[in-house]
Amino acid sequence: MALWGGRFKDQADDSMRALSRSVHFDWRLAPYEIEVNLVHLESLIGIGVLSKSDGAILKKGLNDLAKKIGEGSFSYNETDEDVHSAIERGLISECGALGGSIRAGRSRNDLVVTDFKLYLIDHLLEIASLLEDLIEALNSQGLNHLKTIAPGFTHTQHAQPISFAQELSKHSFSLARDIDRILDWQKRNSLSPFGAGALAGSSLQPAPEQSAKQMGFNGVHKNSIDAVSDRDFAAEALFIMAMIGVHLSRIGEEFVLWSSTEFNFVEIADAFSTGSSIMPQKKNADAAELARGKSGRFIGNLTTLLVVLKALPFAYNRDLQEDKEPVFDSVDQLLMLLPAVTGMVQSAKFIPNNISSGASAGFTLATEVADYLAKKGVPFAEAHEVAGKCVQYCESNGLQLDQIPEEALLKLHPQLGRDLYQLLNVEAAVDSRKSTMGTSPKSVELAIRDLNKEVEMYAEAISRIRAVFSGMISQ
Ligand code: ARG
């Protein structure tokens, strides 16, 4: 049923109808729409636009409709333009013409943005919980590998030895920032746009503050034109999701590399791998590759919405209907991707011998030589130069740094003494980096345990927000 048409002589052309239609993708807003309608209903009864008895009929109608939608016995049909028209059709079929009264004092313009905000609160919180799971998987794998020494890379070249737990848990810190961004998003986007009507508020004066409170929002927008025009919350959500996508792509890239025959740092479980249709021996790290590959669409979705919003006139313009699909896509993709990446990490078998075997290759201990001299008061530039000469000496003589004879050391620099040898092993190098952020197993363990506590606090914050929005979002 169309929500408009009184002033039209002719029917919409089929092509126009097809272009205009959004119900096939905005139908997922139906549960939020029902809840917003229930709150709105109370406000209409409160101001006397609806009698208590009519209100009771409508309330029952909305609840019955919600049940039918849940059971799948009511859905949109070919004639519905969008979720709003489908819900109104449903309400009219439940309550007769009275069903049309719910439209008083509101417009699709404030309704759609309210539904959409509630949808995003709900789904970003779900994504935050999935991020917690992934952090937990990375951290618990990390705690099992505190003493596994790995080559640390810069420029994908061996740089310095590190604890492999630090390599794994570095991802946890970026994912924790993503959760923090979601909570921060929630704080900033906690004003209700409902009550803005088409753009100017409503002369029926429903009670926006009251409705906002009932829904769980912190207050209402102070400008009704801003309220119906604001899609910052959607753009910010898309940025957050794009950032998560980028983080997942970096995890993916690492697992692809680590599971290659050349590295062989990790065996990815069969459950998170795929085979080849022609090469029977192949086991490909497709979960990791898809984590890497999907970052493109997350970034694309953010770009899509920003371009829709650029220079858009204020208040509602139909362009704004283009705001939802990119968001739905990013949400759907993350809800699919995050559990797969978590499963891949949880079930991954790291191979300590292979991880450690190259930790000192490529003269990763050269910095130890330079630091040793610097500690003896040699200017670092000179110390660096001498350490470089030690590497050169090793390369020309086919030696490792700890194999340079004592006399040769003295010739390279008079302050290079025999006490240097005890520093030239990867364990000592890793152990010596004891600062809070350093790579010593103790530091890494403390950092992981602190992060786990932080994540617990995030989990509590997420449950608090869910409780505030209870009834409006899924629990
Ligand atoms: N389907 C529309 C959207 O998603 C709903 C709002 C339509 N409002 C209007 N005045 N045409 O944006």
Side-chain angles (χ1 to χ4, degrees), residues 1-8 10-37 40 69 75-92 100 102-123 189 192-204 206 208 221 224-235 237-238 301 304-332:
M1 194 201 75
L3 299 182
W4 46 268
R7 61 102 71 216
F8 285 78
D10 297 324
Q11 293 283 314
D13 190 77
D14 283 350
S15 61
M16 178 58 210
R17 229 195 292 269
L19 174 65
S20 178
R21 208 159 176 260
S22 59
V23 70
H24 50 291
F25 60 80
D26 65 19
W27 178 244
R28 65 170 78 196
L29 297 178
Y32 308 95
E33 172 111 351
I34 298 266
E35 296 300 336
V36 176
N37 274 336
H40 183 54
I69 293 171
S75 188
Y76 62 88
N77 69 19
E78 275 310 300
T79 65
D80 295 320
E81 179 185 323
D82 54 23
V83 60
H84 321 291
S85 38
I87 294 286
E88 191 166 312
R89 177 176 62 76
L91 192 58
I92 289 172
I102 192 79
R103 216 195 290 167
R106 65 152 172 73
S107 150
R108 278 186 294 171
N109 299 354
D110 60 349
L111 184 58
V112 73
V113 68
T114 309
D115 293 352
F116 195 25
K117 228 179 206 183
L118 288 169
Y119 163 88
L120 261 173
I121 292 169
D122 200 0
H123 287 82
N189 294 299
S192 166
F194 200 62
L199 80 163
S202 166
S203 65
L204 294 177
H221 273 262
S224 55
I225 305 173
D226 172 53
V228 287
S229 315
D230 170 31
R231 293 296 185 279
D232 298 8
F233 70 92
L238 283 168
N301 287 337
T304 298
L305 182 61
L306 289 176
V307 176
V308 169
L309 296 178
K310 182 203 165 285
L312 188 69
F314 271 75
Y316 187 80
N317 297 272
R318 198 56 183 276
D319 316 43
L320 284 175
Q321 185 165 295
E322 292 294 314
D323 63 356
K324 283 176 277 306
E325 282 168 293
V327 170
F328 295 159
D329 182 62
S330 288
V331 167
D332 288 347

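Remember, it's 1-based here, ligands and their atoms both numbered in the order they're listed. Reckoned from all heavy atoms, side chains included, excluding hydrogens, waters and symmetry mates. All values derive from a computational prediction rather than experimental measurement.
For Asp110, the side-chain hydrogen bond (donor to acceptor under 3.5 Å, both in side chains) test picks out no residue, with sequence neighbours left out.
Here the NE2-CD distance, from His24 to Glu78, works out to 10.5 Å after rounding to the nearest 0.5 Å. To the nearest 0.5 Å, atoms CD (Glu322) and CG (Leu312) are separated by 11.5 Å. Rounding to the nearest 0.5 angstrom, the gap separating the CG atom in Asp115 from the CG atom in Leu120 is 11.5 Å.
Contact annotation: the side chain of Val113 approaches that of Phe233 to within less than 4.5 Å [non-hydrogen atoms, C-beta and beyond].
When each of Arg17, Arg21, Arg108 is tested with Glu81 by the rule side-chain hydrogen bond (donor to acceptor under 3.5 Å, both in side chains), just one qualifies, namely Arg108.
When heavy-atom distances to ligand 1 are checked against 4.0 Å, the residues falling inside are Ser22, Asp26, Asp82, His84, Arg108, Asn109, Val112, Tyr316, Gln321, Lys324, ordered by chain and number.
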